[in-house]
Amino acid sequence: MNTEKQRGSMKVWIHFFAPYGILLVGFLAVALYAYDRTSTLVENNSKETAYTVMQQTKEIMDRRFEELETIAEQVSSSPKVLSFLYVDKPFYGTNPVRILELRTALFDYPLFNHFILDYYVAYPRSGAVVSPDSSHSLRQFYDLEFRYAEQTYEEWADGLTESAGRKTFLPGQPAVYRGKLHSVVSYMQSFGTRDRPGVVLMLIDDNQIRSLLHKLDSSNGGFAFIADAKGDIISRIGSDADIGGVKDLPDGFSQLNIEGSSMLVTKTTSRYNGWTYVSAQPESYVLQQVHYFKELILTIILLGLGFGLLAALLFSYRNSRPLWMLLRVLPSQRFGGGEAASQRNAWDQIRTSVVSLVHSNDFLSEKMEQQVPLIRSGFYDRLLRGHYLSNKDIAVAMEHSRQAWEGGRFSVGILVISGYDGTYNEAMLTELDFRKIAIRDIIVKSFGRTISTHDLGENQIGLLFNDDSDSPEAFLDEIRRMLKELQNRIAAALNVQTYAAVGGCYLEMTEISRSYEEARLLMQRASWSEERTIVAQDDEISPTTLPAYYYPPDVEQRLINLVKSGSVSETEALLGQIRENNLDQPNLPAAIGKILVNEMTGTLLKCLEQAGTEADRQHEMIHTALLAPEAGRAAKLAFGQLSDAFLHLCRGQHDRKKSHNNQLKDDLIRYLDEHYMQTDLSLTTLADRFNTSEAYISYFFKEQTGVNFSDYLENVRMGHAKRMLVESDMPVSEISAWVGYYSLNSFSRAFKRSNGLSATEFRRNSRG
């Protein structure tokens, strides 16, 4: 098998050496041929080359502009683009939905055509400008998106209106595009009618045109430019010499005196649009190159024979080495002796591996993008139901769902769409889905990240408020203001009335579920009217409200989860909330308190079944708490005994979990110290080895050791590498492979990043 790999490496080296050898032989042959030719022939060849490049540039530009006009025709003939001509107020009512549909219908041509910087569809009558990724009014577009550096808004708007009924190119000039200065050539193609005109505005990157002109050598006082049929310069490179006499020259080659310098001018005219392409070079510069070439050719022949072969050997070895090293680490079955392997060379193997990697990466990225909405919905569902046990768990889940909150206060509200009481049918649910989508769009556009939404089913939407207000009262006042504004916007846009209940304001993310439960309780107890459409937790509750205890299934499940996870502080805080919401109420009847104690006794039994040990079950504190409901004790006393029992179980689980974490930490570090030399050692390897997820391993390792997994592994490898550099005479390349690096380049970068000097310098300094 090693022989097969060596043979494959030799083929790679030969593959790199062959072009150098061919290039060397061809170079010598061309040099001898050029030496024998006269300067006139070389000059003619130079002219023909310049003309060929000019023709190629012209053909490329013709194709580019033909593609440009084709794209403009396709955009202007789109049914949605044409139908939007008859929208007079695009940013009012339900017309923003039509703007979104129009943006969706516009294909993102700049993504695949780098010649186009961007393009827009402008409607001068309605004052809207739409692109695949944005929509603006004319003024917003001029201020935020695009404008010419030396043109006022009125001049630009007038030019946009005057372009109706024709196709117009504006020469390259400085323009501000999305806050950055660019050189832009503009193309405008109108459509529609005189009364309802539309314009497709395409921004052409002038740098793309100049990159084509750079193929025409304009150094040493030369220049090149493109002019339209009227003689206006579209784009230009090179010197600023006067080009007035150049425009009148015939197509082909001409000799012209420009500002006292004899210039060789090449000119051609496009049959497609009548544009002219001109390149001018100083004649002395052209002939100087010819003479210089003739003088050097003999020297090149002599030196080329000696140094050419050495350079070919050196370059082929240097360029092929990374590839044949890569071949050596590829799976061995790729070098098998079967019929399929005999029909494939080293390049096929590398290409297949890379393509497979790219496709796998694209596939996984696409799948992850598709899963983001589901992950985000699941995150909010678990958050509102209190399934997260700590702020750290919530932070990790936020990162996975790509969520970010900026404020330090949180509150949850429930928005109810009225008019959907009773039994739901399929048509009603479909209508509700559309209205929820429209409401969530209104929230995103009006409030941004201040309000996050979550679909609660049927006619309810969960609202998570996040802000940095100075006090809870100020935060709740701001929530009422935003809800009132939101209700007015919904009523104006959808003609729908809504009601909202808002829970309390809290500083901890783990308290979000509590605020949600308070909002649910308010939703069940509050009475609604046209004057009272918003009810908050701090509002006065009607005295007619029946007394009841607050211990929903979500709170019970969260208490069980907290005890099971050993989160002592969170468990103690939740028990305090349960006591505050129930036993601290002034008018709670004793019978209601007794029912609460009975339910919590059942919860304690569930905790014993799931997390308790035999020692816990026999503990006197647990036994006393389980008998509390039958002993006739007061509800507050019985609740205190139950709380002590819950905390006792939680502390025991915390101690067991801490012991398990210490053991897992020791096992991880021991495994890394023993297997650091494996090149494929990664989070995936550890996750498979310890039967857990990569995300948990990464989070756990950083939490327990204080450093990232990759940094720790690099430190271990660097420690062994430095020891081997000092104590052995092994080559650096072998040491890099020994400590787990695929290539010497990767090892060298890591060593210098970690130690501030190269491995060779470290060895030399260590040995004095």
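Computed from a predicted model, the values in this text were never measured in an experiment. We're numbering straight along the sequence, starting at 1.
The CG atom of Leu68 sits 11.0 Å away from the CD atom of Glu66 when rounded to the nearest 0.5 Å. Rounding to the nearest 0.5 Å places CG of Leu415 at 5.5 Å from CD1 of Ile461. Atom CG of residue Asn207 and atom NE2 of residue His114 lie 14.0 Å apart, to the nearest 0.5 angstrom. We find the CD1-CD distance between Ile442 and Gln487 to be 12.0 Å, quoted to the nearest 0.5 Å. A distance of 9.5 Å separates OG1 of Thr453 from CG of Leu464, quoted to the nearest 0.5 Å. Note that the NE2 atom of His136 and the CD1 atom of Ile99 stand 10.5 Å from one another [nearest 0.5 Å].
Put simply, the side chain of Ser183 never gets that close to the backbone of Pro174: no donor and acceptor are under 3.5 Å apart. Arg196 places a side-chain N or O within donor-acceptor distance of the main-chain N or O of Leu85, the cut-off being under 3.5 Å. The closest donor-acceptor contact from the side chain of Glu59 to the backbone of Gln56 lies at 3.5 Å or more, if one exists at all. A side-chain donor-acceptor contact under 3.5 Å links Asp468 to the backbone of Gly408. One N or O on the side chain of Glu518 and one on the backbone of Gly504 form a donor-acceptor pair closer than 3.5 Å. A donor-acceptor contact shorter than 3.5 Å is absent between the side chain of Ser78 and the backbone of Val75. Proximity of a side-chain donor or acceptor of Asp381 to a complementary backbone N or O of Ser377 within less than 3.5 Å is not detected. A donor-acceptor distance shorter than 3.5 angstrom exists from the side chain of Thr450 to the backbone of Phe447, with no hydrogens or angles considered. In this structure, Asp205 contributes its side chain and Leu117 its backbone to no donor-acceptor pair below 3.5 Å. Under the 3.5 Å distance criterion, the side-chain polar atoms of Ser513 are left unmatched by any main-chain donor or acceptor of Leu384.
Sorted by first and then second residue, the salt bridge (Lys or Arg N to Asp or Glu O under 4.0 Å) pairs involving residues 124-135 (not counting sequence neighbours) are Asp88-Arg125, Asp133-Arg178. Applying the ring-ring contact (aromatic ring centres under 6.0 Å, His included) test to every pair with at least one member in residues 456-492, sequence neighbours left out, gives no pairs at all.
A 4.5 Å side-chain heavy-atom check between Ile417 and Lys436 finds at least one atom pair inside the cut-off. Under the 4.5 Å side-chain criterion, counting only non-hydrogen atoms from C-beta, Pro90 is in contact with Phe84. Side chains of Leu102 and Arg98 form no contact here, defined as non-hydrogen atoms less than 4.5 Å apart. The side-chain heavy atoms of Val502 and Ser411, taken from C-beta on, include a pair separated by under 4.5 Å. Ile226 has its side chain out of reach of Ile233: every pair of non-hydrogen atoms, C-beta onward, lies at least 4.5 Å apart. Counting heavy atoms from C-beta on, the side chains of Lys445 and Pro96 come closer than 4.5 Å. For the pair Val176/Phe146, no side-chain contact is recorded, criterion being any heavy-atom separation below 4.5 Å from C-beta on. Here the side chains of Ser418 and Gln497 are in contact, with some heavy-atom distance below 4.5 Å.
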Exercise. Take Thr533 and Lys484 through the test side-chain contact (heavy atoms from CB on, under 4.5 Å) and record every step on the way to the result.
Key: CA-CA 9 Å; Thr533 60; Lys484 195 63 180 177; 4.0 Å; yes
Quiz item: Please walk me through it: do Leu106 and Val121 pass side-chain contact (heavy atoms from CB on, under 4.5 Å)?
Solution: CA-CA 9 Å; Leu106 295 176; Val121 182; 4.2 Å; yes
Practice problem: In sequence, state the C-alpha distance, the side-chain angles, and the governing distance for Arg514 and Tyr506, and then conclude on side chain to side chain donor-acceptor pair (under 3.5 Å). | Solution: CA-CA 9 Å; Arg514 178 182 178 183; Tyr506 299 97; 3.0 Å; yes
Self-check item: Residues Glu511, Tyr516; criterion side-chain contact (heavy atoms from CB on, under 4.5 Å); working and verdict
Solution: CA-CA 9 Å; Glu511 304 293 335; Tyr516 170 63; over 6 Å; no
Quiz item: Passes side-chain contact (heavy atoms from CB on, under 4.5 Å), Leu483 versus Leu463? Steps please.
Solution: CA-CA 10 Å; Leu483 283 174; Leu463 307 177; 3.7 Å; yes
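Exactly one of Ile71, Asp108, Leu203, Ile204 qualifies for a side chain to side chain contact (heavy atoms under 4.5 Å, CB included) with Ile116. That residue is Ile71.
Looking at residues two or more places apart in sequence or on another chain, you find a ring pair (Phe, Tyr, Trp, His ring centres under 6.0 Å) between Tyr109 and Phe107, Tyr119. For Phe169, the ring pair (Phe, Tyr, Trp, His ring centres under 6.0 Å) partners two or more places apart in sequence, or in a different chain, are Phe65, Tyr187, Trp275. When the ring pair (Phe, Tyr, Trp, His ring centres under 6.0 Å) test is applied to Tyr153, the partners found at least two apart in sequence or on another chain are Tyr142. Phe141 is linked by a ring pair (Phe, Tyr, Trp, His ring centres under 6.0 Å) to Tyr120, Trp156, counting only residues two or more places apart in sequence or in another chain.
A donor-acceptor pair shorter than 3.5 Å can be found between the side chains of Glu73 and Gln189. Side-chain contact of Tyr380 with Ser452: a donor-acceptor pair under 3.5 Å is present, judged by distance alone. Side chains of Arg409 and Ser469: no donor on one and acceptor on the other come within 3.5 Å. Between the side chains of Thr269 and Asp251, at least one donor N or O sits under 3.5 Å from an acceptor N or O.
Considering every non-hydrogen atom in both Ser235 and Arg210, the closest pair reads OG-CG, 3.4 Å. Nearest approach of Glu145 to Ser134, heavy atoms of both residues: OE2-OG, 3.9 Å. Of all non-hydrogen atoms in Ser515 and Val412, the two that sit nearest each other are OG-N, 2.9 Å. Taking both residues in full, the closest heavy atoms of Ala493 and Thr94 are given as O-CG2, 3.9 Å, listed atom of the first, atom of the second, then distance. Considering every non-hydrogen atom in both Val184 and Asp206, the closest pair reads N-CB, 4.1 Å. Smallest separation of non-hydrogen atoms from Gly503 and Leu476: O-CD2, 4.0 Å.
In this structure, Glu478 pairs ionically with Arg481, as a charged nitrogen and a carboxylate oxygen lie closer than 4.0 Å. Between Arg489 and Glu485 there is a salt bridge, since a side-chain N of the basic residue sits under 4.0 Å from a carboxylate O of the acidic one. Between Arg139 and Asp143 there is a salt bridge, with a side-chain nitrogen of the basic residue lying less than 4.0 Å from a carboxylate oxygen of the acidic one.
The environment of CG in Asn495 is sparse: at most 12 heavy-atom neighbours from other residues, nucleotides or ligands sit within 6.0 Å. Residue Asn488 qualifies as enclosed at atom CG: its count of foreign heavy atoms under 6.0 Å is above 12.
Cation-pi contact between Arg236 and Phe223: present, with separation from the ring centre below 6.0 Å and deviation from the ring axis of at most 45°.
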